[in-house]
**Q** 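Can you read through this structure? Questions will come right after.
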Amino acid sequence: MTAKISYDDVEVGTELPAQTFPVTRATLVRYAGASGDFNPIHWNERFAKEVGLPDVIAHGMFTMAEAVRVVTDWTGDPAAVVEYGVRFTKPVVVPDDDKGALIEVAAKVAAKLDDNTVRVDLTATCAGQKVLGMSRAVVRLA
């Protein structure tokens with residue numbers, strides 16, 4: 001696959017379509033099974049609170065993966081992401097109810113680089129709190 005967005009059509013400041021990703025306890029159980037990360041802070045409320053967390057929290061790598069979907073959906077090609085990194089700033093707390101939590105992600109082109117690549121800066125929040133810091137992807141465009 002190749003990115004569907006042309007480098008020439010993108011300017012610094014171009015905003016990617018924002019997205020919201022729901023996270024429930026069931027989502028965390030499925031992710032734990034797929035990733036092999038069965039740490040009880042991600043599924044056991046009693047344990048999470050015993051270690052000082054407000055409740056069960058989403059896996060950091062899950063949060064990171066959900067956020068970059070804004071970029072991969074925009075490019076139309078997951079392989080267009082050539083570099084991606086974040087700092088985890090706050091956990092995504094997932095209550096035991098029918099709603100769960102929402103990860104809200106906005107992104108914009110922060111720099112045009114060489115070789116048809118751009119740097120995209122992402123902002124991921126949950127319940128008004130920034131959950132990822134220094135969230136950046138380098139993406140190769142068409």
Side-chain angles (χ1 to χ4, degrees), residues 1-7 9-97 99-142:
M1 292 178 66
T2 304
K4 296 177 182 175
I5 304 294
S6 170
Y7 179 83
D9 293 337
V10 174
E11 298 298 328
V12 170
T14 298
E15 293 186 14
L16 284 61
Q19 294 189 52
T20 301
F21 303 100
V23 186
T24 64
R25 296 277 178 97
T27 307
L28 300 182
V29 170
R30 286 192 298 274
Y31 182 82
S35 69
D37 182 352
F38 294 100
N39 187 321
I41 63 173
H42 303 304
W43 57 270
N44 184 318
E45 185 174 334
R46 179 181 43 80
F47 183 85
K49 289 182 176 181
E50 284 176 2
V51 298
L53 295 168
D55 207 331
V56 166
I57 63 170
H59 303 73
M61 296 304 283
F62 171 82
T63 304
M64 187 177 175
E66 288 293 82
V68 80
R69 286 177 56 191
V70 168
V71 177
T72 60
D73 288 353
W74 176 66
T75 64
D77 179 11
V81 177
V82 295
E83 188 177 314
Y84 178 49
V86 306
R87 287 192 181 149
F88 301 106
T89 57
K90 298 270 187 205
V92 173
V93 178
V94 183
D96 188 15
D97 60 19
K99 295 180 184 177
L102 293 175
I103 301 170
E104 300 176 79
V105 183
K108 68 178 178 179
V109 175
K112 290 186 84 167
L113 309 171
D114 297 332
D115 295 332
N116 282 14
T117 60
V118 296
R119 190 186 86 216
V120 176
D121 291 353
L122 297 94
T123 302
T125 60
C126 181
Q129 300 266 335
K130 193 172 183 180
V131 295
L132 299 176
M134 298 294 291
S135 184
R136 296 178 173 171
V138 175
V139 184
R140 179 161 288 112
L141 301 177

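Since the structure is predicted, the reported quantities are computational estimates derived from the model, not experimental observations.
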**Q** Shortest non-hydrogen contact from T27 to P22?
**A**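 That would be OG1-O, 4.5 Å.
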**Q** Quick one: closest heavy-atom pair of F38 and G33, and the distance?
**A**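 Taking every non-hydrogen atom into account, CZ-CA, 3.7 Å.
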**Q** Are the side chains of F21 and Q19 in touch, meaning some heavy atoms are under 4.5 Å apart?
**A**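 They are in contact (side-chain heavy atoms under 4.5 Å apart), so the answer is yes.
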**Q** Check the pair V93 / V56 against side-chain contact (heavy atoms from CB on, under 4.5 Å), numbers first and verdict last.
**A** CA-CA 6 Å; V93 178; V56 166; over 6 Å; no
**Q** Quick one: list whatever passes side-chain contact (heavy atoms from CB on, under 4.5 Å) with T123, sequence neighbours left out.
**A**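 T123 satisfies side-chain contact (heavy atoms from CB on, under 4.5 Å) with T125 only.
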**Q** List the atom of D77, the atom of A3, and the distance in Å for their closest heavy-atom pair.
**A**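 For D77 versus A3, the nearest heavy atoms are OD2-N, 3.7 Å.
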**Q** Between V109 and R119, is any pair of side-chain heavy atoms under 4.5 Å apart?
**A**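 Not touching, per the 4.5 Å side-chain cut-off.
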**Q** Can you tell if the side chain of D96 reaches within under 4.5 Å of the side chain of E45, non-hydrogen atoms only?
**A**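 They are in side-chain contact.
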**Q** Using 30° and 60° as the class boundaries, would you call the ring planes of F62 and Y31 parallel, tilted or perpendicular?
**A**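 Answer is perpendicular, since the angle exceeds 60°.
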**Q** Under the ring-ring contact (aromatic ring centres under 6.0 Å, His included) rule, what pairs show up with a residue in residues 69-94, not counting sequence neighbours?
**A**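 As it turns out, there is no ring-ring contact (aromatic ring centres under 6.0 Å, His included) pair with a partner in residues 69-94 once direct neighbours are skipped.
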**Q** Take L16 and V71 through the test side-chain contact (heavy atoms from CB on, under 4.5 Å) and record every step on the way to the result.
**A** CA-CA 7 Å; L16 284 61; V71 177; 4.2 Å; yes
**Q** Which heavy-atom pair separates L28 from H59 by the least distance, and what is that distance?
**A**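 Smallest interatomic distance, heavy atoms only, reads O-CE1, 3.6 Å.
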**Q** Does some side-chain heavy atom of I41 sit less than 4.5 Å from a side-chain heavy atom of V51?
**A**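 V51 vs I41: side chains touch.
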**Q** Are the side chain of T14 and the backbone N or O of E11 linked by a donor-acceptor pair below 3.5 Å?
**A**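 Checking the backbone N and O of E11 against the side chain of T14, a donor-acceptor pair under 3.5 Å is found.
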**Q** With no hydrogens and no angle check, is any side-chain donor or acceptor of K112 less than 3.5 Å from a backbone partner on V10?
**A**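 Checking the backbone N and O of V10 against the side chain of K112, a donor-acceptor pair under 3.5 Å is found.
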**Q** Looking only at non-hydrogen atoms, find the nearest pair between P95 and A101 and report the distance.
**A**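 In terms of heavy atoms, the two residues are closest at CD-N, 4.3 Å.
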**Q** Can you give me the closest heavy-atom contact between K99 and T24, atom names plus distance?
**A**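 So the two residues come closest at O-CG2, 4.1 Å.
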**Q** Do T20 and I103 come close enough that some side-chain heavy atom pair is under 4.5 Å?
**A**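 With C-beta onward as the side chain, the pair stays apart.
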**Q** Between the side chain of N39 and the main-chain N/O of H42, is any donor-acceptor distance below 3.5 Å?
**A**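 Between the backbone of H42 and the side chain of N39 there is no qualifying donor-acceptor contact (under 3.5 Å).
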**Q** Within a strict 4.5 Å, meaning less than it, do heavy atoms of the I57 and V94 side chains meet?
**A**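 No, side chains not in contact.
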**Q** For side-chain contact (heavy atoms from CB on, under 4.5 Å), just list the numbers for L122 and V105, CA-CA rounded to whole Å, side-chain angles, deciding distance to a tenth of an Å, and then say yes or no.
**A** CA-CA 7 Å; L122 297 94; V105 183; 4.0 Å; yes
**Q** Verify side-chain contact (heavy atoms from CB on, under 4.5 Å) between M134 and V86, making sure each step is shown before the conclusion.
**A** CA-CA 5 Å; M134 298 294 291; V86 306; over 6 Å; no
**Q** Using side-chain heavy atoms (C-beta onward) and a distance below 4.5 Å, is V131 in contact with T63?
**A**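 A side-chain contact exists here, since the closest heavy-atom pair is under 4.5 Å.
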**Q** Is there a donor-acceptor pair under 3.5 Å between the side chain of Y7 and the backbone N or O of V118?
**A**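 Checking the backbone N and O of V118 against the side chain of Y7, no donor-acceptor pair under 3.5 Å is found.
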**Q** Counting distance only, does the side-chain N/O of D115 pair as donor-acceptor with the main-chain N or O of T117 below 3.5 Å?
**A**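 A pair under 3.5 Å: no.
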**Q** Taking atom NZ as the centre, does K108 end up with more than 12 heavy-atom neighbours from other residues, nucleotides or ligands that are less than 6.0 angstrom away?
**A**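 It does not: K108 NZ has 12 such atoms or fewer within range.
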**Q** For the pair W43 (side chain) and R25 (backbone), establish whether a donor and an acceptor sit closer than 3.5 Å, ignoring hydrogens and angles.
**A**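 No: the side chain of W43 does not pair with the backbone of R25.
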**Q** Just wondering, do T75 and L141 contact through their side chains at under 4.5 Å, heavy atoms?
**A**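 Touching, per the 4.5 Å side-chain cut-off.
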